[in-house]
Amino acid sequence: MAGQEAPMTTKPRRTATQHGGSTLTDLQQALEDYLPVLLGLVENGNWLKHNLRFCWINQEDDVEETTMSDSWYEVLSVLHLMAVLLLSQANLLLLPNKFTSGYQSTALEDCKRASIDIFLKAAGYLDFAVQKVLPQLPLELRSDLPLDLSEGVLKALCLQALGQGVEIQLGMAIDSIKATLAVKRRLACEMVKYWHQAEEYIKELPVANGWGEKHKLFIQWKHIEAKAIAYYLHGLILEEGNTSAGIAAAALQAAEEYLKESKMACDSFHVTLPSSRNPPPWGASKYLAERIPKDISSKTINWDSQKHEMIKHVAPALPDFVLSLKPDEYQLPSTDPSWNDLHAQNVVPTK
C-alpha cells in the first residue's frame with residue numbers, strides 16, 4: 001500500500017481506496033487496528049511473545065531485512081512505520097502544486113496548520129518508542145536492531161519532526177504582517193536547536209547505504225539552512241538596537257556564509273543516490289534565498305580572503321530560547337478484547 005502511494009502523488013486525480021481516502025490513510029488505519037491485537041502478545045504470561053518471528057525490510061541499514069522473535073520488536077516497528085506515514089502525510093499536505101491560485105491561500109494556511117499537528121503526532125510516536133518500547137527489549141536484542149530502529153535514528157527523526165514543525169511556523173510568521181522580527185528570530189533560533197540536536201544523534205551512526213546517507217545529509221542541510229536564517233534575523237535586530245555596527249555586520253555576514261554552505265549541502269543531498277529533484281524554494285527557504293543576497297551586500301563589512309574563513313567564528317552567539325514544541329503525548333491503546341475471549345476459552349497458552 002505504501003509503495004502505491006508515491007506514483008499516485010504525481011497524478012492530478014487520486015484513485016479512491018477502500019475507505020474513500022488515500023492508501024496512506026488506509027495503511028495508517030490498518031496499523032492502528034493491528035496494534036491492539038499485537039499488544040495481546042506482549043502481555044505477561046503469553047507464551048506466544050517469543051514464539052512468533054517478525055520480519056521487516058530495512059531502509060537505512062546495510063542489512064536488507066531483520067527478523068526477531070520478540071513481539072516488542074514488532075510493536076517498535078509498527079510505531080516507527082506509523083510515524084513515517086505521518087511524515088509522508090504532512091509532506092503531501094505541503095506539496096506546492098496543490099495550490100495554484102490566490103483564492104486557495106486559506107486552504108494552504110489550513111494545510112500548514114494541519115501539517116504542524118501531524119509533525120507533533122509523529123514525534124509523539126517516536127518519543128514513546130524510545131522512552132517506553134525500546135527498554136522492553138533485552139540488551140542483546142537492542143544491539144541487533146537495524147539502524148532504522150536504533151535509539152539515535154529514532155531520536156533524530158523525532159527532533160526532525162519538531163524542527164520541520166517550527167519551520168512551518170516560521171514560514172507562517174514570515175507571511176504574517178502581525179509577526180514581529182523578534183518572534184521570527186525566536187522561531188529561527190529554536191529551529192537551529194532542534195536540527196542541531198538531531199544532527200548530534202545521527203552524525204556518528206554508521207549509515208553507509210543510500211537512504212541512510214541521505215537522511216544524514218538532509219539533517220545537515222536543514223541545520224545549516226536554519227543557521228543562515230537565524231543569523232540573518234539576529235543581525236537585523238542587532239542593527240535596530242544599540243549594538244555596534246560591526247557586531248551586527250558580523251551576524252549578517254555569517255548568514256550569507258551559511259546560505260552559501262546550505263546551497264552546497266542541498267545539492268549534496270539531492271545528488272546522493274537515490275537521487276532526488278531539487279524543488280523551487282518556498283516558505284522560510286524562499287525568504288532566505290531572496291532576502292539575504294539582496295540585503296546583506298549593502299550592510300556587511302568587506303572582509304579580505306584571509307578573514308573570510310573566520311566569519312562564522314567571529315559572529316555573535318545566537319540567543320538561547322527554550323524550545324516550545326514538544327512531542328504529543330502518546331499511550332498504547334488497550335489490548336483487543338478478543339484476547340480476553342481466547343483466554344477464557346483456554347485457547348492461548350499461559351505460564
Side-chain angles (χ1 to χ4, degrees), residues 1-9 17 21-35 38 54-66 68 72-95 111 114-134 145-165 167-168 194-195 198-199 201-202 205 207 209-219 221-222 269 272 274 276 325 327-328 330 332-333:
M1 292 172 71
Q4 293 173 11
E5 186 72 11
M8 289 175 68
T9 61
T17 60
S22 71
T23 52
L24 284 183
T25 303
D26 280 350
L27 183 53
Q28 191 81 25
Q29 186 61 53
L31 291 169
E32 290 176 3
D33 293 342
Y34 170 52
L35 196 51
L38 173 61
F54 298 100
C55 182
W56 286 79
I57 296 175
N58 301 319
Q59 194 79 17
E60 301 192 11
D61 201 287
D62 283 338
V63 179
E64 184 177 351
E65 60 183 41
T66 299
M68 289 188 177
W72 281 113
Y73 166 63
E74 181 78 346
V75 174
L76 183 64
S77 299
V78 168
L79 287 176
H80 174 256
L81 178 55
M82 289 170 65
V84 172
L85 290 174
L86 286 178
L87 296 179
S88 185
Q89 287 179 12
N91 181 65
L92 292 178
L93 281 175
L94 298 171
L95 284 177
C111 283
S115 72
I116 295 173
D117 292 337
I118 292 174
F119 282 129
L120 297 183
K121 188 175 181 180
Y125 287 157
L126 294 162
D127 184 61
F128 183 88
V130 171
Q131 302 297 331
K132 302 297 184 181
V133 180
L134 268 180
L145 286 171
L147 278 176
D148 306 60
L149 300 180
S150 65
E151 184 175 354
V153 169
L154 293 176
K155 285 184 174 180
L157 200 56
C158 177
L159 289 160
Q160 173 184 326
L162 297 175
Q164 289 182 277
E167 183 178 1
I168 302 302
Y194 283 121
W195 288 113
E199 187 173 358
Y201 279 117
I202 203 172
L205 295 178
V207 288
N209 69 354
W211 287 111
E213 184 63 22
K214 271 188 96 72
H215 189 190
K216 181 184 289 188
L217 290 173
F218 178 75
I219 290 176
W221 161 33
K222 300 305 290 185
F269 166 77
T272 298
S276 49
L325 286 188
D328 281 354
Y330 175 74
L332 290 173

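L94 CG to S115 OG: the interatomic distance, rounded to the nearest 0.5 Å, is 4.0 Å. In this structure, L24 CG and Q29 CD are separated by 13.0 Å, a value rounded to the nearest 0.5 Å. We find the CG-CD1 distance between L159 and I202 to be 11.0 Å, quoted to the nearest 0.5 Å. Rounding to the nearest 0.5 angstrom, the gap separating the CE atom in M82 from the CZ atom in F128 is 11.0 Å. A distance of 11.0 Å separates CG of D26 from CG of L31, quoted to the nearest 0.5 Å. Atoms CG and CG, from D148 and D61 in turn, are 6.0 Å apart once rounded to the nearest 0.5 Å.
Side chain of Y73 to main chain of T66: a donor-acceptor pair is present (N/O by atom type, distance under 3.5 Å, no hydrogens or angles). S150 places a side-chain N or O within donor-acceptor distance of the main-chain N or O of L147, the cut-off being under 3.5 Å. Checked by atom type and distance alone, the side chain of K222 never pairs as donor or acceptor with a backbone atom of W195 at under 3.5 Å.
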Step-by-step side-chain contact (heavy atoms from CB on, under 4.5 Å) determination, Y201 to L157:
CA-CA 9 Å; Y201 279 117; L157 200 56; over 6 Å; no
Item to complete: Run the numbers on M68 and L145 for side-chain contact (heavy atoms from CB on, under 4.5 Å), then give the verdict.
Response: CA-CA 9 Å; M68 289 188 177; L145 286 171; 3.8 Å; yes
TODO: Test side-chain contact (heavy atoms from CB on, under 4.5 Å) on L86 and Y125 and set out the steps.
DONE: CA-CA 10 Å; L86 286 178; Y125 287 157; 3.3 Å; yes
Given E60 and E213, is the side-chain contact (heavy atoms from CB on, under 4.5 Å) satisfied, shown in steps? CA-CA 8 Å; E60 301 192 11; E213 184 63 22; over 6 Å; no
Assess the residue pair Y34 and E74 against the criterion (side-chain hydrogen bond (donor to acceptor under 3.5 Å, both in side chains)); give the C-alpha distance rounded to whole Å, side-chain angles, the decisive distance to 0.1 Å, and a yes or no. CA-CA 11 Å; Y34 170 52; E74 181 78 346; 2.6 Å; yes
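Between F218 and F269, the distance from one ring center to the other falls under 6.0 angstrom.
Counting heavy atoms from C-beta on, the side chains of L81 and W56 come closer than 4.5 Å. With contacts defined as side-chain heavy-atom distances shorter than 4.5 Å, the pair Q131/D127 qualifies. Looking only at side-chain heavy atoms (C-beta outward), L149 and N58 stay at 4.5 Å or farther from each other. L134 places a side-chain heavy atom less than 4.5 Å from the side chain of L154.
The two residues L325 and G165 come nearest to each other via the heavy atoms CD1-C, 3.9 Å. For the residue pair A156 and A198, the shortest heavy atom distance occurs at CB-O, 3.6 Å. Looking at every heavy atom in both residues, L35 comes nearest to Y330 through CD2-OH, 3.3 Å.
Evaluated for a side chain to side chain contact (heavy atoms under 4.5 Å, CB included) with P327, the options V130, L120, L162, L126 yield exactly one hit, L162. The side chain to side chain contact (heavy atoms under 4.5 Å, CB included) test with K121 singles out one residue from I116, D328, L87, and that residue is D328.
Inspection of the H215 and Q160 side chains reveals an N or O donor paired with an N or O acceptor under 3.5 Å. Side-chain atoms of E199 and Y194 include no donor-acceptor pair closer than 3.5 Å.
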